[in-house]
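The structure under discussion appears below in the form of structure tokens.
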Amino acid sequence: MNFKLQTLQQLGPHLRALRRRQGMSQAELGQRIGVSQSRLARIEGDPSSVSFDQLLDLLHALGTQLVLETDDRRLGSSLPPSKDGDKTPDSSSALDQPW
């Protein structure tokens, strides 16, 4: 299942939905990532309070991953010309390389 985020305010409800889908309480999830139930409640209520590292830990504990996806429909004409001069992206992009 995909959870599309377009605003920071959507993160809290998505995290809550992922947690509930796994059948976990805030206390159980908090224990998995080393934070208190009250801290997890704060993260779900105010997602701006979570650090990126903590968010990645949280997502991992929920069995999910963070994926960045381009919206090619919006990028269409703004793509830089490839080496051939057309507007299709080069297949050798650094973004395509594994970490």
Side-chain angles (χ1 to χ4, degrees):
M1 175 176 276
N2 294 323
F3 289 83
K4 188 171 186 177
L5 293 177
Q6 295 180 328
T7 67
L8 181 60
Q9 290 74 28
Q10 293 172 325
L11 182 57
H14 286 325
L15 292 173
R16 188 175 302 111
L18 287 165
R19 175 180 56 77
R20 289 178 176 165
R21 188 168 185 239
Q22 294 292 327
M24 282 191 269
S25 67
Q26 289 177 336
E28 290 170 321
L29 181 55
Q31 187 175 24
R32 285 190 183 192
I33 65 168
V35 301
S36 66
Q37 178 275 328
S38 62
R39 174 68 180 131
L40 197 57
R42 199 168 348 155
I43 291 169
E44 288 182 356
D46 178 16
S48 67
S49 69
V50 69
S51 71
F52 188 72
D53 287 338
Q54 202 168 47
L55 177 60
L56 291 178
D57 290 343
L58 185 57
L59 292 173
H60 179 73
L62 290 168
T64 61
Q65 61 183 339
L66 179 65
V67 175
L68 302 177
E69 180 178 87
T70 60
D71 184 352
D72 292 335
R73 294 169 298 163
R74 292 183 66 194
L75 295 176
S77 63
S78 64
L79 289 173
S82 69
K83 294 174 186 150
D84 299 350
D86 65 9
K87 295 246 180 196
T88 57
D90 285 334
S91 61
S92 61
S93 168
L95 295 175
D96 294 330
Q97 303 302 313
W99 295 96

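Please read these numbers as outputs of a predicted model, since none were measured by experiment. The figures that follow rest on heavy atoms only: side chains count, while hydrogens, waters and symmetry mates do not.
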Check your understanding: Above 12 or not: heavy atoms from other molecules or residues under 6.0 Å from CD of Gln31?
Key ->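 Open.
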
Review point. Just wondering, are more than 12 heavy atoms of other shown residues or ligands nearer than 6.0 Å to CZ in Arg16?
Key: yes

Point to revise | Under-4.0 Å salt bridge between Glu44 and Arg19 | key: yes

Revision key, fill the gap. The side-chain hydrogen bond (donor to acceptor under 3.5 Å, both in side chains) partners of Gln10 (sequence neighbours excluded) come to none

Only pairs under 3.5 Å count here: list side-chain donor-acceptor contacts from residues 56-64, not counting sequence neighbours, and write none if there are none.
unit_1 : atom_1 : unit_2 : atom_2 : d
Thr64  : OG1    : Leu59  : O      : 2.9

Review point. Per the side chain to side chain contact (heavy atoms under 4.5 Å, CB included) rule, which among Leu66, Ile43, Leu15 passes with Leu55?
Key: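 Looking at Leu66, Ile43, Leu15, the match for Leu55 under the side chain to side chain contact (heavy atoms under 4.5 Å, CB included) is Leu15.
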
Revision key, fill the gap. From the list Gln37, Met24, Gln22, side chain to side chain contact (heavy atoms under 4.5 Å, CB included) partner of Leu29 resolves to Met24

Point to revise | Check: Lys4 main-chain N/O paired with His14 side-chain donor or acceptor under 3.5 Å | key: yes

Exercise for review: Evaluate the criterion side chain to side chain donor-acceptor pair (under 3.5 Å) for residue pair Ser51 and Asp53; output intermediate values, then yes/no.
Suggested key: CA-CA 5 Å; Ser51 71; Asp53 287 338; 5.5 Å; no

Point to revise | Over all atoms of both residues, closest heavy-atom pair of Pro47 and Leu8 | key: CG-O, 3.3 Å

Study note, to complete from the structure: In short, Arg42 meets Ser49 closest at the heavy-atom pair O-OG, 3.8 Å

